[in-house]
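Contents: one structure, followed by commentary.
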Amino acid sequence: QVQLVESGGGLVQAGGSLRLSCAASGRTFSSYAMGWFRQAPGKEREFVAHINRSGGRAYYADSVKGRFTISRDNVKNTVYLQMNSLKPEDTAVYYCAATLSWIATAQAGEYGYWGQGTQVTVSS
């Protein structure tokens with residue numbers, strides 16, 4: 001099993017940046033591919049980004065491509081989400097999640113482990 005704890009959320013003006021972190025417990029962090037999802041009030045949880053086990057491949061939702069970067073440090077057992085050029089529509093609770101799937105997936109159901117979430121609010 002893996003336990004995930006997000007941090008780094010907050011309030012930022014449009015055009016600003018934030019870096020989210022997700023710390024994982026356990027010795028098998030590198031066994032999991034990792035993802036970031038977000039959920040805005042009244043909306044379904046949506047995929048943001050995915051990174052494979054080694055950190056060598058990542059893919060993104062179209063809505064964040066070119067603005068967000070996912071990365072991981074398998075020594076520190078941490079996955080990051082660097083968010084630049086933030087927009088008010090990026091406002092949401094952001095969750096990191098872990099999957100044992102070998103297929104890069106945007107499906108929340110494929111991720112078996114979730115953090116508690118961190119709030120990101122972007123003001124206009």
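Among residues two or more places apart in sequence or in another chain, the salt bridge (charged side-chain N to carboxylate O under 4.0 Å, His left out) test is passed with Lys65 by Asp62. Residues passing the side-chain contact (heavy atoms from CB on, under 4.5 Å) test with Ala23 are Thr78, sequence neighbours excluded. With sequence neighbours excluded, the residues that form a side-chain contact (heavy atoms from CB on, under 4.5 Å) with Thr121 are Leu11, Thr91, Gln119. Residues satisfying the side-chain contact (heavy atoms from CB on, under 4.5 Å) criterion with Ser17, sequence neighbours excluded, are Gln82, Asn84. Scanning for side-chain hydrogen bond (donor to acceptor under 3.5 Å, both in side chains) contacts around Asn77 gives an empty result, with sequence neighbours left out.
Here disulfide bond (SG atoms under 2.5 Å apart) pairs that include residues 84-118, with residues two or more places apart or in two chains, are Cys22-Cys96. Pairs of residues two or more places apart, or lying in two chains, never qualify as disulfide bond (SG atoms under 2.5 Å apart) while including a residue from residues 26-55. Applying the disulfide bond (SG atoms under 2.5 Å apart) test to every pair with at least one member in residues 48-84, sequence neighbours left out, gives no pairs at all. The disulfide bond (SG atoms under 2.5 Å apart) pairs that include a residue from residues 33-63 number zero, where partners must be two or more places apart or lie in different chains. For residues 36-46, the salt bridge (Lys or Arg N to Asp or Glu O under 4.0 Å) pairs, not counting sequence neighbours, are Arg38-Glu46, Arg38-Asp90.
When all heavy atoms are compared, the tightest approach of Ala14 to Pro88 is CB-CD, 4.1 Å. The shortest heavy-atom contact between Gly115 and Tyr95 is O-CD2, 3.6 Å.
The distance from the CG atom of Asp73 to the OG atom of Ser30 is 11.5 Å, given to the nearest 0.5 Å. Note: Arg72 CZ to Ser54 OG = 8.0 Å, rounded to the nearest 0.5 Å.
Between His50 and Tyr111, the ring planes are perpendicular. Angles over 60° get that label, and only those under 30° would be called parallel.
Cluster partners of Leu18 are Val2, Leu4, Val12, Leu20, Phe29, Tyr32, Met34, Trp36, Val48, Ile51, Tyr60, Val64, Phe68, Ile70, Val79, Leu81, Met83, Leu86, Tyr94, Leu100, Tyr113, Val120, Val122, counting Ile, Leu, Val, Met, Phe, Trp and Tyr whose side-chain heavy atoms approach within less than 4.5 Å, directly or via other members. Think of Tyr80 as one node in a network of Ile, Leu, Val, Met, Phe, Trp and Tyr side chains linked at under 4.5 Å; it has no links at all.
Here the side chain of Thr118 pairs no donor or acceptor atom with the backbone of Glu6 at under 3.5 angstrom. At distances below 3.5 Å, not a single donor-acceptor pair connects side-chain atoms of Asn52 with backbone N or O atoms of Ala33. Of the possible donor and acceptor atoms, none in the side chain of Arg57 sits under 3.5 Å from a partner among the backbone N and O of Arg53.
Between Phe37 and Phe47, the ring centre distance stays below 6.0 Å.
The 12-atom threshold is not exceeded at CD of Gln107, counting heavy atoms of other residues, nucleotides or ligands nearer than 6.0 Å.
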